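Worksheet: one structure, shown below.
Every chain is numbered from 1, with letters handed out A, B, ... down the list of sequences. A quick note: this is a predicted structure, and the numbers were derived from the prediction, not measured.
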Protein chains: 4
Amino acid sequence: MDRRSQILTIAGHLFSRKGYHATSMRELARHLNLQGGSLYAHIQSKEELLLEVVRQAAERFQKVLEELPSGDPVTRMKALVKGHLRVIAEELPRATVFFHEWKHLSPPLLEEAKALRRRYEEGVQAVVEEGVRAGVFRVENVRLATLFVLSALNWTYQWYRPDGPLSLEALAEAYAELVLKALGVAASPEGERREKGGEDGEA
Amino acid sequence: MDRRSQILTIAGHLFSRKGYHATSMRELARHLNLQGGSLYAHIQSKEELLLEVVRQAAERFQKVLEELPSGDPVTRMKALVKGHLRVIAEELPRATVFFHEWKHLSPPLLEEAKALRRRYEEGVQAVVEEGVRAGVFRVENVRLATLFVLSALNWTYQWYRPDGPLSLEALAEAYAELVLKALGVAASPEGERREKGGEDGEA
Amino acid sequence: MDRRSQILTIAGHLFSRKGYHATSMRELARHLNLQGGSLYAHIQSKEELLLEVVRQAAERFQKVLEELPSGDPVTRMKALVKGHLRVIAEELPRATVFFHEWKHLSPPLLEEAKALRRRYEEGVQAVVEEGVRAGVFRVENVRLATLFVLSALNWTYQWYRPDGPLSLEALAEAYAELVLKALGVAASPEGERREKGGEDGEA
Amino acid sequence: MDRRSQILTIAGHLFSRKGYHATSMRELARHLNLQGGSLYAHIQSKEELLLEVVRQAAERFQKVLEELPSGDPVTRMKALVKGHLRVIAEELPRATVFFHEWKHLSPPLLEEAKALRRRYEEGVQAVVEEGVRAGVFRVENVRLATLFVLSALNWTYQWYRPDGPLSLEALAEAYAELVLKALGVAASPEGERREKGGEDGEA
DNA sequence: AATGAATGAGTGTTCATTCAT
DNA sequence: CATGAATGAACACTCATTCAT
């Protein structure tokens with residue numbers, strides 16, 4: 001990994017843990033065993049660093065959308081939930097910056113960040129819409145339902161710790177279930193099986 | 001409203017809009033037509049200001065829990081969803097600070113903020129548990145379900161604008177519906193009618 | 001004691017303990033159960049306060065000179081040593097300010113403080129000169145001897161604590177002895193008696 | 001001389017002339033043709049600067065003790081007086097800070113400064129004790145005599161100006177004489193000749 | 001590439017002092 | 001007399017960034 005990538009990785013960690021403004025360039029440099037000024041041989045500015053981290057996260061999220069299996073809306077939505085949560089689990093710092101720190105970009109760059117986020121949200125909304133059009137998801141307001149789903153997914157970065165007791169798979173399975181129920185879909189077969197169906201399945 | 005309250009209100013706005021660290025005391029003062037130093041006749045430190053805003057938000061959220069109607073879990077959960085969203089709508093800046101900026105408190109005060117947030121989350125979890133114990137909510141993992149609900153609710157501060165086209169009532173109604181469905185409850189009477197209930201309920 | 005005197009007394013304590021610049025008007029006020037601004041009903045400025053404290057100390061020292069007994073130089077010098085040390089013991093804060101903090105006065109007032117100190121030093125020098133002229137003190141350089149005596153006396157404020165184990169009388173007696181010996185005078189009779197003479201007396 | 005040493009030297013001058021609290025970092029920087037903030041590339045804090053100056057002075061004084069000639073107490077005491085005065089003459093600013101400004105250090109560092117001063121005073125006291133044990137110095141109270149000597153020596157920083165009319169040698173000679181007489185020692189050979197010794201010695 | 005010294009603007013905060021009440 | 005709010009300047013210190021080496 002070259003210096004620039006190292007810098008971006010550490011910057012992601014620090015921006016996500018302490019916030020963009022509470023992270024100083026000197027501290028970033030210290031984590032790389034460098035002097036503050038040396039960073040500028042590799043980057044242009046602190047703000048560029050922030051935008052780049054946002055871009056990297058956006059790319060990861062966008063790839064989830066691109067690699068969604070074709071097929072029925074339930075399968076696709078499950079894949080989306082799992083993919084989204086996987087990105088959060090694997091790229092927690094960058095994801096956190098994508099969700100929060102982008103705000104601190106100033107106007108020219110801010111627009112790009114907003115666009116990246118909007119593009120992803122629209123992708124998610126498209127998946128919801130498909131399901132609704134197919135009659136599989138039953139919701140009153142597609143936009144609201146999308147936001148609801150995104151909310152539930154995004155917030156996980158606030159509490160989920162990949163090295164904690166809850167495995168990514170277990171989380172994804174449970175969340176997919178909850179999301180699908182909220183979208184008016186019956187519990188998935190696997191879910192039923194894992195729980196010996198009955199009770200939950202009939203609910 | 002005395003000066004201290006004015007300061008707290010403006011601080012809430014600025015901390016929520018720009019973030020704690022990106023808000024300078026001089027800027028805060030300027031919004032009150034004061035010199036920077038003059039703030040210190042009313043407050044002790046910037047950090048105290050942050051904690052106080054967090055406390056005010058926590059109090060509002062806590063009151064929602066305290067004023068929940070007694071009765072069946074569905075009614076209570078609906079009231080919780082609506083109450084939570086009302087606090088967000090009415091106290092958007094403070095709620096935002098409660099959700100995010102508390103992180104920038106330093107250790108002694110940080111603990112208080114964490115305790116306030118934990119207390120509220122436990123209150124929400126209690127409502128979910130009641131419903132599960134009563135056999136009305138059907139979820140595999142109470143903790144996860146609670147986090148799911150909280151996620152969906154909390155994230156709204158990111159996009160909901162009280163002066164936008166979506167009324168608080170409409171939002172709350174829709175979200176209550178989605179939450180209850182995720183919790184495995186059949187659509188409520190109104191919901192059923194609008195959605196021709198039956199099918200959905202059995203799904 | 002009226003308010004002004006109270007203020008001067010506390011100011012003396014604080015200026016001497018923490019130094020003029022490290023003492024804030026608010027702290028001074030707090031010691032008097034007042035708000036900072038309230039001091040200005042009684043005084044004109046912080047600097048005036050400093051000068052006034054210097055003046056009070058100077059007056060005490062000057063009175064020692066004025067009340068010196070007439071008589072032989074040894075008796076007068078002993079009285080001077082004791083009187084000087086008594087002022088330090090009884091007025092430690094003011095004496096400390098007189099010795100040190102006067103430096104922080106700005107030019108117009110600074111001159112007065114310097115004059116007060118000079119006047120006292122000249123008084124002491126006069127006592128030394130008398131003794132030399134009378135052939136009782138034997139020193140090469142009157143000015144240096146005076147400075148030597150003043151040094152020994154002044155520095156006591158740095159370590160002498162009136163409430164410590166060493167009584168003012170014992171200190172004064174011992175210092176008078178040392179000063180007189182330095183000035184080339186034999187040990188005083190009292191001194192000899194107190195120690196059952198022998199050893200020291202013969203030295 | 002590197003920047004750090006320059007800073008320490010100027011800091012010594014300013015702290016001694018105006019006092020620690022009355023010296024601003026900006027003023028210190030201005031004397032070095034720097035911006036205020038630039039100092040912090042070389043030092044950690046203003047307080048560190050104060051401690052360092054105190055340390056440098058302490059080192060000089062301590063070296064006087066270490067380099068005292070072995071031999072009779074009178075010779076040693078003379079060397080001590082001369083050495084002490086030489087440090088004051090050659091390092092007036094640092095010595096002044098050593099005598100006074102150390103008080104403004106805050107607890108952790110304050111203790112070090114106190115220890116340095118105590119160590120030197122004990123060294124001086126040891127020299128006095130030697131002389132007493134050898135029967136050469138005749139004093140009632142060793143501790144008081146030591147303080148007397150230290151007082152006389154220390155205070156010189158208040159008035160002695162190395163570039164004034166009084167040479168360091170003349171001052172040291174005269175002070176050594178006065179100190180020894182106070183310690184009950186007959187005038188030294190040179191002194192005896194000048195003062196016709198005999199009389200004085202027997203006094 | 002990296003350093004280390006420097007800048008100039010900015011940080012939160014304290015200060016002596018004023019003044020209407 | 002005393003208060004409490006305010007000022008405007010100053011404080012020690014940090015910041016992102018530049019640049020000669």
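For the pair D/G37 and C/T23, nearest-nucleotide mapping onto DNA chain E gives the more 5' position to D/G37. Residues B/G36 and C/Q44 each lie close to DNA chain E; by heavy-atom proximity, the contact nearer the 5' end of the strand is made by B/G36. Take the nearest nucleotide of DNA chain F for D/S45 and for A/M25: the residue whose nucleotide is more 5' is D/S45.
Counting non-hydrogen atoms of other residues, nucleotides and ligands closer than 6.0 Å to NE2 of D/H13 gives a total of 12 or fewer.
Atom pair C/I43:CD1 and F/dC1:P shows a separation of 15 Å (rounding to whole Å applied). In this structure, D/L49 atom CG and F/dA12 atom C1' are separated by 12 Å, rounded to whole Å. Atom-to-atom, CG of B/L50 to C1' of E/dT13 comes out at 17 Å; the value is rounded to the nearest Å. Distance CG (D/D2) to C1' (E/dT3): 16 Å, rounded to an integer number of Å. Nucleotide F/dA12 holds its P atom 10 Å from the CG atom of D/L39, rounded to whole Å. Across the protein-nucleic acid pair, B/Q6 atom CD and F/dA5 atom P stand 12 Å apart, rounded to whole Å. The distance between atom CD of D/E47 and atom P of F/dC11, rounded to the nearest whole Å, is 18 Å. Computed from coordinates, the C/L28 CG to E/dA16 C1' distance equals 12 Å when rounded to whole Å.
A/E47 has its side chain within reach of A/S106: a pair of non-hydrogen atoms, C-beta onward, lies under 4.5 Å apart.
Across all strands shown, A/L34 has heavy atoms under 4.0 Å from sugar-phosphate atoms exclusively, and none from any base. Counting non-hydrogen atoms under 4.0 angstrom, C/S24 reaches the backbone sugars and phosphates but no base. Residue-level contact check: A/R26 touches the bases, meaning some heavy atom is under 4.0 Å from a base atom.
Base-pair partner of F/dA20: E/dT3 (Watson-Crick or G-U wobble, both distances under 3.5 Å). E/dG10 and F/dC13 make up a base pair, with Watson-Crick or G-U wobble contacts both under 3.5 Å.
C/Q35 has a side-chain polar atom (N or O) that falls below the 4.0 Å cut-off from OP1 or OP2 of F/dG4. Note on B/R3: every side-chain N or O is 4.0 Å or more away from OP1 and OP2 of F/dG4. Proximity of B/S38 to the phosphate of F/dT7: a side-chain N or O atom is located under 4.0 Å from OP1 or OP2. Considering only side-chain N and O atoms, B/Y40 lies nowhere under 4.0 angstrom from the phosphate OP1 or OP2 of E/dT14. For D/H42 and E/dA6, the shortest distance from a side-chain N or O to OP1 or OP2 is below 4.0 Å.
When ring centroids are compared, B/F61 and B/F99 come within the 6.0 Å threshold. When ring centroids are compared, D/H100 and D/Y20 stay outside the 6.0 Å threshold.
A salt bridge links B/R55 and B/E52; the closest N-O separation between the charged side-chain nitrogens and carboxylate oxygens is under 4.0 Å.
With hydrogens and angles left out, the side-chain atoms of C/E101 and C/S16 include no donor and acceptor closer than 3.5 Å.
The side chain of D/K46 sits closest to F/dC13 out of F/dA5, F/dT17, F/dC13.
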